[in-house]
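Structure record follows, encoded as structure tokens.
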Amino acid sequence: MKRFIVVLFLITAAVCSVAADRVILADNSKTDYKIVFHGTPNKEEKAAVADLHTFLKLISGADFQANSNKIHTIWIGKKAPSDAAPLLENERRIRIEARDLYICGQGECGNVNAIYDLLRDAFGCRWFTFYGVNRIPKQKTLSLPAGFSHSVVPSIAYMTVNGGYHSPAAEKFARRNFLRDQTADSIGRAGTHAGQRIIPSGLIPFGGKVGNISGPLKYFKDKAYFQTNPEYFAMNSKGQRVTTLQLCYTNALLRDEFEKNIRIMLAAENYRGGMKIIGVGQDDNNGAFCYCTNCIEAMKKHDHPAGAYYDFLYDLSGRFEKTHPDLLFCFLAYRKNQTLMPSKLLTGLPGNLLPSYAPLGVDFTKPINHPVNAVAERNFAAWAAISSKMHWWAYPTPYPRPIIGYPLLANINRIADNFRLAHRNKVWMAYCQFGSGPYNNFGFNDLRVYMLSVLCRDINADVQTIIREFTKHCYGEAASDMRAYLAELEQLEISHRNYLRWNPSILSVKYATAENLLRWQKLFDKMEHSVGKSSLRLLALRRARFSLDETTIAAWQYMTPAQQDAFGDLEKIISRAVDTVQQDAENSLASLKKTKPGRYKKIVNAKIARVM
């Protein structure tokens, strides 16, 4: 199904004081329009309306504040009077009727998203990076076609990216690029690895973490089930109940307690219906689920290691499908020895079960539909075949670790190919886990995040157009050279013969030779010279260069003395990388520096340690 709809058409109409086919919103810094929110706005809506005032004034010079002299209205949160068709899920509509402009959308952030649809599609605004690279075109006369009608249904309804947004600019970037939609947000913030958060052992304190297991949700912080009900937890191969595997999902009393605790969560959050998600995925422990007799029998029945867990999911679905029909239970399709593929007995999932496909075991230099990743592609298709819609736990780039550098990758075309495959596989919501948060936003991650925000809105958007727009405004005079560098990395990736795992060594890419690194360093010297004193563009270049610098530093010990001499002073490269980290932190972690100085210092020091 085509999920992106844009309709722009003209209706011939006489408009006083303007051309017959245009409605003038502002002219020569004057307007007779006021912005009015229909109803009571929430926090995000207030911020978006403030943005609409700000950007319309920047574009036209006119003030759209309400006053008695304004005779026309820009309505937010109100459909046009003649618009009787119900809104589709996450649809946004913008229409002109009787010279008033109506902006509305479905869902908690529908009105918010519709505002940015207008600014983006009608007036050409762009917000490329969280650190302030924008495009806000000036227009002496701000107008729209008479009868303007614009509808957007995003290709992938909801997308978020990992990483804290610890500055006001970063939070605004996320909102303006459709990355803060909370319509289908999870109840209780259980996360996807939720087993021992909902049935806590009592061995991990609230807010704590041991290994990959987090402490209890706030509703259950006084529970200690491993002490009171050890039978709720998996049995290991020695017959011992342990907390280092999973829950014992065949245990009938465990299933009752799990249901009871979810109902406690719903009551505590005053849930009154509507689409929300509860994460019920297995804990992030590798290996078997449970070795008890009943779980082994379920495994044999399904001929699948997760047989007991799948039976539990079907049981859980039935307990809520009538009382809470809009509630979705999200579980992980994750780890090849657990749930990465469905059981052959699963021929059609109930509508309230939402699989989150998380293919971590792929070659990160190739898209999922490349032959080297054929198993991941088959598993994706298998889950899609039995699901009405899917969640996708996407890994756009190798997994970020504070003490491991990122390999020198472009990963732009690969990401686009993966998201188009996801769209074909019924992905309705995506969570992107990579270094996309501000404090990991180096290399091409800022471009990746921006591109994903565009593709999730329109999966058929042209990638090269996105790249040209982004590089032009981020790198200015250096844009052409940056695109050439990006294209070369893309070609090297697709030709790369070594399998690149999810947490590779920084020198895993075999094209990171001394000769290539030196040539690229010289190219960046040229690019930095070309942007001159533009601090914003220099910062953008330094972010992109950081991956090259840390790769050069890591490769230094393997270079010959002659090769090292060609690069010059290693300390200069290290100093530049450290300076980039510090400048970036001042920009992107401004809020964190004030509220949590200890965490701020830890993040900065960890990143500096990567290049020292």
Side-chain angles (χ1 to χ4, degrees), residues 126 128-135 397 405-413 435 438 440-451 463-493 506 509 511-556 563-564 566-588 607 610-611:
R126 299 288 187 273
F128 294 107
T129 73
F130 70 88
Y131 49 90
V133 180
N134 304 326
R135 184 182 77 190
T397 61
Y406 292 90
L408 203 53
L409 297 170
N411 262 188
I412 300 299
N413 292 332
N440 270 320
N441 217 326
F442 288 164
F444 287 112
N445 271 353
D446 45 4
L447 170 57
R448 293 169 189 138
V449 174
Y450 175 73
M451 184 187 71
V463 172
Q464 293 308 310
T465 298
I466 296 170
I467 291 171
R468 282 194 299 271
E469 276 195 340
F470 183 92
T471 54
K472 175 183 176 181
H473 289 86
C474 277
Y475 307 118
E477 296 82 352
S480 179
D481 284 334
M482 186 62 80
R483 287 194 294 270
Y485 170 64
L486 180 63
E488 184 179 1
L489 286 180
E490 290 279 15
Q491 186 57 48
L492 289 168
E493 284 172 31
I506 192 172
V509 289
Y511 50 79
T513 63
E515 292 75 18
N516 281 341
L517 295 175
L518 178 61
R519 181 165 52 84
W520 292 330
Q521 289 286 8
K522 289 181 177 179
L523 179 63
F524 269 92
D525 287 341
K526 176 190 172 187
M527 287 192 282
E528 288 195 14
H529 179 75
S530 69
V531 301
K533 296 182 179 180
S534 173
S535 59
L536 200 59
R537 285 178 176 168
L538 181 59
L539 178 60
L541 281 171
R542 289 286 176 88
R543 289 174 187 275
R545 190 172 191 169
F546 185 85
S547 294
L548 175 61
D549 280 344
E550 64 177 347
T551 302
T552 303
I553 295 165
W556 192 266
Q563 288 171 331
Q564 292 176 350
F567 281 88
D569 188 3
L570 174 62
E571 290 302 317
K572 181 179 179 180
I573 300 174
I574 293 173
S575 177
R576 180 173 60 231
V578 171
D579 184 60
T580 301
V581 171
Q582 292 171 336
Q583 285 190 43
D584 174 74
E586 289 291 333
N587 177 294
S588 62
K607 202 151 194 178
R610 283 165 45 180
V611 296

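Values reported hereafter were calculated over all heavy atoms of this structure, with side chains retained and with hydrogens, waters and symmetry mates removed.
- Thr580 contributes atom OG1, which lies 6.5 Å from atom CG of Asp549 (distance to the nearest 0.5 angstrom).
- Between Phe442 and Phe546, the two ring planes are tilted [angle within 30° to 60°].
- Applying the side chain to side chain contact (heavy atoms under 4.5 Å, CB included) rule to Arg468 yields the partners Asp462, Gln464, Thr465, Arg483; only residues at least two apart in sequence or on another chain are considered.
- Arg537 and Lys472 make their closest contact through NH2-O, 4.0 Å (heavy atoms, listed as atom of the first residue, atom of the second, distance).
- Using bins of under 30°, 30° to 60° and over 60° for the plane-to-plane angle, the ring pair Phe444/Tyr485 lands in the tilted bin.
- The heavy-atom pair separating Thr129 from Asn134 by the smallest distance is O-OD1, 4.5 Å.
- Closest approach of Ala478 and Ser530 over heavy atoms only: CB-OG, 3.6 Å.
- Proximity of Leu489 to Tyr511: side-chain heavy atoms (C-beta onward) are separated by under 4.5 Å at one or more points.
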Could you walk me through whether Trp520 and Glu515 satisfy the side-chain contact (heavy atoms from CB on, under 4.5 Å) test, starting with their C-alpha distance in whole Å, then the side-chain angles of each, then the deciding distance to 0.1 Å, before giving a yes or no? CA-CA 9 Å; Trp520 292 330; Glu515 292 75 18; over 6 Å; no
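- Here Asp579 contributes atom CG and Gln583 contributes atom CD; the two are 4.5 Å apart, rounded to the nearest 0.5 Å.
- Taking CZ of Phe524 as the start and CZ of Arg519 as the end, the distance is 12.0 Å to the nearest 0.5 Å.
- Across all their heavy atoms, Leu409 and Arg448 have their closest contact at O-NH2, 3.0 Å.
- Put simply, CD on Gln491 and CG on Leu486 are 12.0 Å apart, with the number rounded to the nearest 0.5 Å.
- Under a 3.5 Å cut-off, the side chain of Ser575 and the backbone N or O of Glu571 do not form any donor-acceptor pair.
- For the atom pair CZ of Arg542 and CG of Leu539, the computed distance is 9.5 Å after rounding to the nearest 0.5 Å.
- The only member of Asn445, Asp584, Asp446 that meets side-chain hydrogen bond (donor to acceptor under 3.5 Å, both in side chains) when paired with Arg543 is Asp584.
- The heavy-atom pair separating Cys474 from Phe128 by the smallest distance is SG-CB, 4.4 Å.
- Between the side chain of Glu490 and the main chain of Ile412, a donor-acceptor pair closer than 3.5 Å is present.
- Considering OG1 of Thr552 and CD1 of Ile573, their distance stands at 5.5 Å, rounded to 0.5 Å.
- Applying the ring-ring contact (aromatic ring centres under 6.0 Å, His included) criterion to Tyr475, with sequence neighbours excluded, gives no partner residue.
- Stacking of Arg126 on the aromatic ring of Phe470 is not recorded, the 6.0 Å distance cut-off and the 45° axial limit not both being met.
- The heavy-atom pair separating Leu570 from Ile553 by the smallest distance is CD1-CG1, 4.1 Å.
- Between Gln563 and Trp556, the closest side-chain pair of non-hydrogen atoms is not below 4.5 Å.
- Between Asp525 and Gln521, the side chains place no donor N or O within less than 3.5 Å of an acceptor N or O (distance only, hydrogens not considered).
- For the pair Glu528/Arg576, a side-chain contact is recorded, criterion being any heavy-atom separation below 4.5 Å from C-beta on.
- Residues Leu408 and Leu517 are in side-chain contact: their nearest non-hydrogen atoms beyond the backbone lie under 4.5 Å apart.
- Using a 4.5 Å heavy-atom threshold, the side chains of Met527 and Glu477 count as separate.
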